[in-house]
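These notes are about the structure you will find just below.
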2 protein chains.
Amino acid sequence: MATIYDVSVMAGVSLATVSRVVNNNARVSDKTRRKVLAAMEALDYRPNAIARSLASNRSDSVGVLVSQLEGPFYGPMMAEIENVLRGAGKHVIIAAGHGDEEQEKEGVQFLLNRGCDALILDVEAVPDAYLVELCQGQTPIVLINRYVTGIDDRCIYLDNERGGYLSTRHILSLGHQKTAYLSGPLYKLDVQQRIKGHQRALEEAGLPFDPELFFEGDFHEGSGRAGMEYFLRLGRAFSALICANDSMASGAIAAALEAGLRVPEDLSVMGYDNVPFPAYISPKLSTISNPIDKMGKMAALWVLQHVYEKTGTSVTGKFMPELIVRDSAQARD
Amino acid sequence: MATIYDVSVMAGVSLATVSRVVNNNARVSDKTRRKVLAAMEALDYRPNAIARSLASNRSDSVGVLVSQLEGPFYGPMMAEIENVLRGAGKHVIIAAGHGDEEQEKEGVQFLLNRGCDALILDVEAVPDAYLVELCQGQTPIVLINRYVTGIDDRCIYLDNERGGYLSTRHILSLGHQKTAYLSGPLYKLDVQQRIKGHQRALEEAGLPFDPELFFEGDFHEGSGRAGMEYFLRLGRAFSALICANDSMASGAIAAALEAGLRVPEDLSVMGYDNVPFPAYISPKLSTISNPIDKMGKMAALWVLQHVYEKTGTSVTGKFMPELIVRDSAQARD
DNA sequence: CTGTTAGCGCTTTCAG
DNA sequence: CTGAAAGCGCTAACAG
């Protein structure tokens, strides 16, 4: 691999001059530039990113930490981040936190040690205080999918209370009175907020919240099945099931169908997140939009503006969910 | 940020000694080691990965290039790679190639310049020759989802001809005579192989391949819809649709249902890939397993063995697809 | 406009 | 077992 030194020798100039033409950040005479470019070409010179980082203390790369790589949720987000950043000549280093505090912290350290110019974090297990402290550090941080007071300006998040409210209000407006709720892990803030919205809609309609018709799942299909089976065993009547995400809704529907229920004729089901797949299969899932991809894009734009000083559209932190009516929920007869 | 120098001063030893205890690769007296560890602790010292890479010419990170970040397909693969590597203290840098030759090459360059110790590539647009040359270079390469003669030992791939064969044979064994084929992009090798397998099954059954009942999609749901609509407009009779992946199968089923067809009563549909979602919704998709996650794991193991010299299970390159019978295809009445 | 010269933080011979 | 010292490839003052 040719180094900057090889190029400088071949072009008959100094290291510094080669560096200047590579970085295109200082005046170089046209003639010299041409000589250098020719040498670079001849030697197939590629600047060593590592050395450059060490010397300049920036890496033209931003770190992204997501809780998981698989599943339908984070893909679109990562794709958008990568898109925006790649367009600006920056690169993305991805790590996974697996929803575990230790692993999340480790991932952050890894990205920091690798000299990322900024971090985009989707973390759920670390405490707020840790994040506040992190924001004090040298490396700029953006939080996605989480709201932390004190560092509001670094947060890009969905109004989950509203999402929960919209979902339940839709069900109630269809005439359902008895509803079951299939929740995500209760320690997660967004889960709590979705429940809050659910309860607000109930209250507004003068309906009680029934803690028995409530099941705490883990956001995966399997726990959707488990939840449905639990509700069925309970033997309590309910005509609608409100789920905290689409994956669990899918699992629940599968279990319901297997138990001989028709969806939506016998049971209406609401999802949440508007993940791509369920829209394509029967019954199409009614759900709440969660523009996670747009949030990813926004995070990337924030980084571009604040770290790389590109100007552009202004960045907004709070996103609004929307009701998406399809076929899995219908009016109660 | 504390540097190795700060630690050496505080511990009253030389840089070299600190380096030795950090890397744990040379004998250091217990007493010295303790002093150093204490100093590291006190200063909250974190080795700078960039500097370490520059000096040692290895980065403890491996680059992964996938064609796309979104979609249900690559998530599980990346997750497995990350899992295996993280378990060995290595890290993953992910880039996307978007199925475009320029972007794929750029991505490879990026990963190379970042000093990755090895590359795991899922590329589709670059020519074989490029890959062969790449394998000549310093950085070890593993190819996933692609077979290139000459570098067989670097390839981890699925027997797609067999997958195509299994899918079609299943349909024919159910008594279907008229089948339509919804293909992926024809320039892709695996697509061509799936078609080959399809044709072999047809031939074996003494049935002709009908080029009219053939549609080239792009592997996304939208083209599944488009394909179905195309076949419907054609007005030709067929009782089964064989798809080159699950996403297109989902789209096709959606379009079929909207057109008033029942699946599988009026139309049997086969998918390919065994992506998570379609299993959970009605009708559950019959498909061909594509153990992409296992292939990812295998690639990571290869790297562990060949690059980091960890021993372990032996690595096999060729994976066999399996038929997964669910509900979207049934016997013709 | 161009060259010289210190480093960036760490690893790695080579002596001792 | 430990220390001194020479880089890894590049950037960024500072002179000229």
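Below, each value reflects all heavy atoms present in this structure, side chains not excepted, and no hydrogens, waters or symmetry copies. Here is the naming used below: chain letters follow the sequence lines, and residue numbers restart at 1 for every chain.
- If you check every strand for non-hydrogen atoms under 4.0 Å, B:V13 touches sugar and phosphate atoms only.
- Counted by atom type alone, A:R52 and B:N113 present zero donor-acceptor pairs between their side chains at under 3.5 Å.
- Annotation: cation-pi pair B:K294/B:F319 absent, no NZ/CZ under 6.0 Å from the ring centroid and within 45° of its normal.
- Atom C1' of nucleotide C:dC10 and atom CG of B:N48 are separated by 8 Å, given to the nearest angstrom.
- Computed from coordinates, the A:D6 CG to D:dC8 P distance equals 11 Å when rounded to whole Å.
- In this structure, B:R154 contributes its side chain and B:I141 its backbone to a donor-acceptor pair below 3.5 Å.
- For the pair B:R52 and C:dT11, the criterion of a side-chain N or O lying under 4.0 Å from OP1 or OP2 is met.
- Protein atom CZ of A:R27 is 17 Å distant from nucleotide atom P of C:dG3, rounded to whole Å.
- Taken from CZ in B:R146 to CG in B:L143, the straight-line distance is 6.5 Å, to the nearest 0.5 Å.
- Within a 6.0 Å sphere centred on NZ of B:K297, other residues, nucleotides and ligands contribute 12 heavy atoms or fewer.
- Going from atom CZ of B:R114 over to atom P of D:dC8 covers 20 Å, rounded to whole Å.
- One finds a side-chain N or O of B:S14 lying less than 4.0 angstrom from the OP1 or OP2 phosphate oxygen of D:dG3.
- Residue-level contact check: B:S19 touches the bases, meaning some heavy atom is under 4.0 Å from a base atom.
- Annotation: of the two residues near DNA chain D, B:S56 and B:S29, the 5′-most nearest-nucleotide partner is B:S29.
- Considering only side-chain N and O atoms, A:Y5 lies nowhere under 4.0 angstrom from the phosphate OP1 or OP2 of D:dT11.
- One atom, CD1 of B:I50, and another, P of D:dC8, lie 18 Å apart when rounded to the nearest Å.
- Candidate nucleotides C:dG9, D:dT2, D:dT11 were compared by shortest atom distance to the side chain of B:T17, and D:dT2 ranks first.
- Distance A:N23 CG to C:dC1 C1': 17 Å, rounded to the nearest Å.
- Between the CG atom of B:L15 and the P atom of D:dG3 there is a distance of 10 Å, given to the nearest Å.
- Atom CG of B:D30 is separated from atom P of D:dC1 by 10 Å (rounded to the nearest Å).
- If you check every strand for non-hydrogen atoms under 4.0 Å, B:N57 touches nothing.
- The base of C:dG3 lies close enough to the side chain of A:R20 for a donor and an acceptor atom to sit less than 3.5 Å apart.
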